[in-house]
Amino acid sequence: MQLSIGWTAFAALSALFTFDNPPPVAPDFGPLAFVVGDCWMGTFPDGKATDEHCFEWVYGRKFIRDRHVVRNGPAPYAGEALYGWDPKEKRLAFWYWNSEGEVLVGTVEYRRDSIVFPTRHETEKGTMELRAIWTRMGPDSYRVEQSQEVGGAWKPLWVMELRRKR
């Protein structure tokens, strides 16, 4: 009898919670969705280190997961990002964790011919402003331009073309 009352109370509370909270906004993954379902690889300007990104839908297409590994660099390096809706900022955002123990948070901005990822990174020396720009080069490649804000101007760090792995 008490178990039945407990389940009834739980169901009533669940119903109240559901009606009091509007459903989350479905993110617009449109321009970003072309990478999902495949792995992409590029070579850094040094000609040795490579970066492989593998993208997948997660949690019922509410997020995109990006797992990546840098190989042939000075040290092992890997990271993972989730792209999804940020309800507080009411925009598409990403959360990135890496093997160095860092966490970066940024946003996703669609432009006419590119996708821009502004990122603020807190370090011991202060806030670092980073920006990646992805430009689709065709059905099987995209270019990444990584830059950092220094003295009010954007300083290029590197450019890489990633190609779809078959």
> Under the ring-ring contact (aromatic ring centres under 6.0 Å, His included) test, which residues partner Y110, sequence neighbours left out?
Replying inline: none
> W154: what forms a ring-ring contact (aromatic ring centres under 6.0 Å, His included) with it, not counting sequence neighbours?
Replying inline: none
Partner residues of [X] under the side-chain contact (heavy atoms from CB on, under 4.5 Å) criterion, sequence neighbours left out:
X	value
E122	R120, T127
R163	S141, E161
R61	W57
D46	F44, K48, A49

Please tabulate, for side-chain N and O atoms in residues 86-95, each donor-acceptor pair with protein atoms closer than 3.5 Å (sequence neighbours left out).
from: D86; atom 1: OD1; to: K88; atom 2: N; distance (Å): 3.0
from: D86; atom 1: OD1; to: E89; atom 2: N; distance (Å): 3.2
from: R91; atom 1: NH2; to: E109; atom 2: OE2; distance (Å): 3.4

> Between Y96 and H68, does the ring centre distance come in under 6.0 Å?
Replying inline: yes
Atom pair [atom1] ([X]) and [atom2] ([Y]), whose distance is rounded to the nearest 0.5 Å:
X	Y	atom1	atom2	value
E100	N98	CD	CG	5.5 Å
C39	E56	SG	CD	9.0 Å
Q146	L157	CD	CG	6.0 Å

Say whether [X] and [Y] are linked into one hydrophobic cluster, either directly or through other cluster members, by side-chain heavy-atom distances under 4.5 angstrom.
X	Y	value
V70	V35	yes
M128	W158	yes
V69	F55	no
L82	W134	no
L162	L130	yes

> Parallel, tilted or perpendicular for F63 and Y59, by the 30°/60° rule?
Replying inline: perpendicular
>> Any side-chain to backbone donor/acceptor pair from T135 onto S114? Under 3.5 Å, distance only.
In response: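 Not a single qualifying donor-acceptor pair exists.
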>> A side-chain contact here means heavy atoms from C-beta on lying under 4.5 Å apart; do L32 and F117 qualify?
In response: yes
> Who are the side chain to side chain donor-acceptor pair (under 3.5 Å) partners of Y142, not counting sequence neighbours?
Replying inline: none
> P76 and S99: which non-hydrogen atoms are nearest, and at how many Å?
Replying inline: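 Taking every non-hydrogen atom into account, O-OG, 4.1 Å.
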> Any side-chain hydrogen bond (donor to acceptor under 3.5 Å, both in side chains) pairs touching residues 34-45, not counting sequence neighbours?
Replying inline: D38-R164
> How is the hydrophobic cluster of I133 composed, in terms of its other members, when Ile, Leu, Val, Met, Phe, Trp and Tyr link through side-chain heavy atoms under 4.5 Å apart, directly or indirectly?
Replying inline: V116
> Who passes salt bridge (charged side-chain N to carboxylate O under 4.0 Å, His left out) against E52, sequence neighbours left out?
Replying inline: R71, K165
>> For residues 144-159, which residue pairs pass the salt bridge (charged side-chain N to carboxylate O under 4.0 Å, His left out) check, not counting sequence neighbours?
In response: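 Those involving residues 144-159 are R143-E145.
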